[in-house]
Amino acid sequence: MQGPRPALGAEVRPDGGSVPGMQVFAVPCLRDNYAYLIVGASGSEALVVDPSEALPVVAALSEHGLTLKGILNTHHHVDHVGGNAELVQQFGPMPVYAYMSDKGRIPEQTHFLQDGETFTELGLEFRVLHIPGHTLGAIAYVCEGCAFTGDTLFAAGCGRMFEGTAEMMDRSLNERLAELPDETLIYCGHEYTAKNLEFALSVEPNNPDVAREIERVAALRREGKPTVPSNFGRERLTNPFLRCNRPAIIAAMQKREPGVQDRAAVFGLLRAAKDVF
């Protein structure tokens, strides 16, 4: 159990951290998923990221007086695309963005994105990062200092490697996403942060940043607040999957495979350890 669900449509930009012309609202879905409403400069129109189900998204749109104008999918898993068809049916034809290799796997997809591509919706420019590993077609959307990372990068963790390899996932996190500035806000697909931090402490027990983050996250969950967004600076300090070149992480994985040093190999062992944690 991850604690109480946050309130419907909770604003998750940090206090005082809103970008002029852009707001982001978290929409809890299913058991522990997040969809996100991205509101453009008009204040009356929104995009939704990864609507796993339609009903909570429709309720959040109504709560905030918003009209849905598009869907951004990070990957094809049903808990991220399950609401697409119903939303298109209710709100009418709209752009549905996803990676080009997910053609035929994402309901209602209209735009087939490539790595590095940019596009504009609601006056906001989005940049696409192809970050395979969790799935082969996983992407992140980067906009106005925010990154919507789906199930590739979580707060204090990363997704399972269902279709990709450790080499792919390591590169996606430690090369592609790691290029983002420390202040980049990370909006991920699930409320897994508390459990992820337990694992982080198990492999790096002397990391004071992890200990402090456990306390901060526990306080948020007691208040029913989401633990998103994180930011990349915090993730560099607390997320073991972004710390695979650190001596403590390497030493922990060498207990599983003596002599291992290669970053991708360490990453693979770390993900295997998390799978059974």
Over all atoms of both residues, closest heavy-atom pair of Ala166 and Ala264
CB-O, 3.8 Å
Please step through side-chain hydrogen bond (donor to acceptor under 3.5 Å, both in side chains) for the pair Glu125 and Thr120, ending with a clear verdict.
CA-CA 4 Å; Glu125 183 176 89; Thr120 301; 4.5 Å; no
Going by heavy atoms in the side chains, are Asn231 and Glu183 under 4.5 Å from each other?
no
Would you find a donor on one side and an acceptor on the other, under 3.5 Å apart, between the side chain of Gln109 and the backbone of Ala98?
yes
Output, in order, the C-alpha distance, side-chain angles, deciding distance and verdict of salt bridge (Lys or Arg N to Asp or Glu O under 4.0 Å) for Arg31 and Glu191.
CA-CA 9 Å; Arg31 186 177 69 86; Glu191 184 55 71; over 6 Å; no
Value for SG (Cys158) from CG (Leu177), rounded to nearest 0.5 Å, stands at 11.0 Å
Checking Arg216 against Glu213 for the salt bridge (Lys or Arg N to Asp or Glu O under 4.0 Å) test, could you report, in this order, the C-alpha distance in whole Å, the side-chain angles of both residues, the deciding distance, and whether it holds?
CA-CA 5 Å; Arg216 188 186 74 87; Glu213 187 66 359; 2.7 Å; yes
Rounded to the nearest 0.5 Å, what separation is found between the CG atom of Leu185 and the CG atom of Leu180?
11.0 Å
Identify whether Val228 and Phe199 are in the same connected component of the hydrophobic contact network (ILVMFWY, side-chain heavy atoms under 4.5 Å).
no
Classify the ring geometry between Phe162 and His134 as parallel (under 30°), tilted (30 to 60°) or perpendicular (over 60°).
perpendicular
Applying side chain to side chain contact (heavy atoms under 4.5 Å, CB included), run through Met22 and Val24 and close with a yes or a no.
CA-CA 7 Å; Met22 178 177 172; Val24 181; 3.7 Å; yes
Give, for atom OG of Ser172 and atom CZ of Phe267, the distance between the pair rounded to the nearest 0.5 Å.
8.5 Å
For Leu66 and Leu37 the tightest heavy-atom approach is CD1-CD1, 4.1 Å
What I'd like to find out is whether the side chain of Pro51 reaches to under 4.5 Å of the side chain of Val48, using heavy atoms alone.
yes
Hey, are Asp102 and Asn73 close enough side-chain-wise for a donor-acceptor pair under 3.5 Å?
no
Polar side-chain atom of Asn33 near backbone of Asp79 as donor-acceptor pair, under 3.5 Å:
yes
Val210 with Tyr192, same ILVMFWY side-chain cluster at under 4.5 Å
no
Determine whether Lys274 and Phe241 satisfy the following criterion, side chain to side chain contact (heavy atoms under 4.5 Å, CB included), listing intermediate values before the conclusion.
CA-CA 10 Å; Lys274 179 63 169 66; Phe241 296 97; 4.0 Å; yes
Ring center gap for Phe148 and Tyr141 short of 6.0 angstrom:
no
Any side-chain heavy atom of Arg271 sitting closer than 4.5 Å to one from Met161?
yes
Interatomic spacing from OG1 in Thr74 to CG in Leu129 - rounded to 0.5 Å:
12.5 Å
For the pair Lys69 and Glu121, find out whether any cationic side-chain nitrogen is under 4.0 Å from an anionic carboxylate oxygen.
no
Is the Phe25 to Tyr36 ring centre distance short of 6.0 Å?
no
Under a 4.0 Å N-O cut-off, is there an ion pair linking Lys195 with Glu198?
yes
Does a side-chain N-to-carboxylate-O contact under 4.0 Å join Arg246 and Glu204?
no
Any heavy-atom pair between the side chains of His111 and Pro95 that's under 4.5 Å?
yes
Can you establish whether the number of heavy atoms outside Gln89 located under 6.0 Å from its atom CD is more than 12?
no
Applying side chain to side chain contact (heavy atoms under 4.5 Å, CB included), run through Phe232 and Leu153 and close with a yes or a no.
CA-CA 10 Å; Phe232 223 99; Leu153 175 64; 3.8 Å; yes
Do Val142 and Leu122 share a hydrophobic cluster (ILVMFWY, side-chain heavy atoms under 4.5 Å, transitive)?
no
Ignoring hydrogens, what is the shortest heavy-atom contact between Arg234 and Pro229? Give both atom names and the distance.
NH1-O, 3.8 Å
Thinking salt bridges, do Arg127 and Glu117 make one under a 4.0 Å N-O criterion?
no
salt_bridge(Glu175, Arg263) N-O dist < 4.0 Å
yes
Is the backbone N or O of Arg236 less than 3.5 Å from a side-chain atom of Arg243, with the two atoms forming a donor-acceptor pair by type?
yes
Reported CZ-to-OG1 distance for the pair Arg221 and Thr193, which is rounded to 0.5 angstrom:
8.0 Å
ILVMFWY network linking Met168 to Val128, side-chain heavy atoms under 4.5 angstrom
no
Checking side chain to side chain contact (heavy atoms under 4.5 Å, CB included) for the pair Leu113/Met100: CA distance, chi angles, key distance, verdict?
CA-CA 5 Å; Leu113 300 169; Met100 60 183 181; over 6 Å; no
Between Tyr97 and Phe119, is the ring centroid distance below 6.0 Å?
yes
Report the residue from His75, His76, His77 that forms a side-chain hydrogen bond (donor to acceptor under 3.5 Å, both in side chains) with Arg105.
His76
Are the side chain of Thr184 and the backbone of Pro181 linked by a donor-acceptor contact shorter than 3.5 Å?
yes
Run through Leu47, Val88, Asp50, Ile106 and flag the one making a side chain to side chain contact (heavy atoms under 4.5 Å, CB included) with Ile71.
Val88
Minimal heavy-atom distance between Cys244 and Val266, with the atoms involved, is O-CG1, 3.6 Å
Hydrophobic cluster membership, with links at side-chain heavy-atom distances under 4.5 Å among I/L/V/M/F/W/Y: are Ile249 and Leu201 in one?
no
Is it true that His190 and Tyr34 have ring centroids separated by less than 6.0 Å?
no
Over all heavy atoms of both residues, which pair between Ser44 and Val39 is shortest? Give the atoms and the distance, please.
N-CG1, 4.5 Å
Nearest atoms (heavy-atom pairs only) where Asn174 meets Leu242:
OD1-CA, 3.3 Å
Sidechain N-carboxylate O distance under 4.0 Å for Glu179, Arg171
no
Measure from the side-chain N and O atoms of Asn84 to the backbone N and O of Glu108, and report whether any donor-acceptor pair falls under 3.5 Å.
no
Phe154 CZ to Glu235 CD distance, which is reported to the nearest 0.5 Å
11.5 Å
I'd like to know if Asp115 and Arg176 make a salt bridge, using a cut-off of under 4.0 Å between side-chain N and carboxylate O.
yes
Is there a donor-acceptor contact under 3.5 Å from the side chain of Gln254 to the main chain of Val260?
yes
